[in-house]
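All values below were derived from every heavy atom in this structure, side-chain atoms included, with hydrogens, water molecules and symmetry-related copies excluded.
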Amino acid sequence: KVENIMAECQNYEFKDGEGVEFDVQADERGRAQAVMLKPMLGRKPSDCIGERHHGYVRRFADRWGFLNCAAFDGDLFVHRDNLLFAPEQMQDGQPAVRPGQPVEFDVAVDDRGRTVAKQITTSAILRAADWVGRRLQGYVRSFQGAWGFINSERFSGDLFVHRDSLIPQHQGLELMPGTVVEFDVERDNHKRGGRNRLVARQVVVLHQPSGPQQGGAYGMVQQGYQDPSYYGGSHMAQGMAQNPYAT
């Protein structure tokens, strides 16, 4: 199920035999199921020192716990002393931390030389699914042939877009990385078996870049590893994925 995939990875196309990480959780019938599924990258938390990322609380005890994130494999240690929560986020004078809670954090090294999360704040990471039926603005992250993906500051991950989704007046315009667009978020009811896929429709081009984008405000450059947070979210069991989009 798409909802069992980590939010940042919901448009990532898993391949047969690919290594994955996930949490095991009981469904409404008490059956074990994999949730918060994400692909393995071969990138450890220690490879991300000095970076700031979005992620989720995997588990948390009295004063410590672990976070997971689409940007690296495995868990990242977190201590309560590194939580920067506002007063209204406290319970009995302590930060309220729960499994699955979205957070933002720095990957750092503590005084014992361990890779840990610091400067941790809550982050309400919305998904494209939270905006179904709404009209948003964003930009084209990638586009090849007749289709591509849109990003927006309003949600994490990617939103699928097809050239045919342009409004009639804009059908002749080219969609390229960095193109600023306005669009409706809808479920794909036009494709058999695609009911759970989200797509952009009624796409309007607001601004086109003057040349190829190499990063910055509207472009993203993928270097070295392929970060699934660019695709559009759990953890620690490892297994072999079956492509949920395979026909």
Please determine whether salt bridge (Lys or Arg N to Asp or Glu O under 4.0 Å) holds for the pair Arg43 and Glu51, giving the CA-CA distance in whole Å, both sets of side-chain angles, and the decisive distance to 0.1 Å. CA-CA 13 Å; Arg43 192 173 196 240; Glu51 300 175 3; 3.0 Å; yes
Checking Arg52 now: which residues fulfil salt bridge (charged side-chain N to carboxylate O under 4.0 Å, His left out) with it, not counting sequence neighbours? Glu104, Asp106
Determine whether a donor-acceptor pair (N or O, by modelled atom type, separation under 3.5 Å) exists between the side chain of Ser152 and the backbone of Gln137. yes
List the residues meeting side chain to side chain contact (heavy atoms under 4.5 Å, CB included) with Asp164, not counting sequence neighbours, and say none if there are none. His162
Would you indicate whether the side-chain heavy atoms of Arg141 and Ile150 approach each other to under 4.5 Å? no
Nearest atoms (heavy-atom pairs only) where Leu159 meets Phe183: CD2-CE1, 3.5 Å
Listed partners of Asp111 passing salt bridge (charged side-chain N to carboxylate O under 4.0 Å, His left out), at least two apart: none
Do you know which two heavy atoms are closest between Gly74 and Lys38, and how far apart they sit? O-NZ, 4.3 Å
For residues Phe66 and Leu83: do they belong to one hydrophobic cluster (side chain heavy atoms under 4.5 Å, members Ile, Leu, Val, Met, Phe, Trp, Tyr)? no
Between Asp81 and Lys118, is the closest basic N to carboxylate O distance under 4.0 Å? no
Taking all non-hydrogen atoms of both residues into account, name the closest pair between Ile5 and Leu37 and its distance. CG2-O, 3.4 Å
Which pair of heavy atoms, one from Phe72 and one from Leu41, lies closest together, and at what distance? N-CD1, 3.9 Å
Residue set satisfying side chain to side chain contact (heavy atoms under 4.5 Å, CB included) with Gln144, at least two apart, ordered chain then number -> none
Taking the inter-plane angle between the rings of Phe77 and Trp64 on a 0 to 90° scale, is it parallel (under 30°), tilted (30 to 60°) or perpendicular (over 60°)? parallel
Can you name the nearest heavy-atom pair linking Pro102 to Tyr56, along with the distance? CA-CD2, 4.0 Å
Looking only at heavy atoms, which two atoms of Met40 and Asp73 are closest? And how far apart? CA-OD1, 3.4 Å
Just jot down the side chain to side chain contact (heavy atoms under 4.5 Å, CB included) partners of Gln202, sequence neighbours excluded, or say none. Arg135, Ile167, Asp184
Suppose we screen for salt bridge (charged side-chain N to carboxylate O under 4.0 Å, His left out). Which residues come up paired with Arg31, at least two apart in sequence or across chains? Asp27
Contacts of type side-chain hydrogen bond (donor to acceptor under 3.5 Å, both in side chains), residue Gln33, not counting sequence neighbours: Asn4
Residues passing the salt bridge (charged side-chain N to carboxylate O under 4.0 Å, His left out) test with Arg114, sequence neighbours excluded, are Asp110
Could you tell me which residues satisfy side chain to side chain contact (heavy atoms under 4.5 Å, CB included) with Thr115, sequence neighbours excluded, listed by chain and number? Pro45, Ser46, Ile49, Leu76, Val107
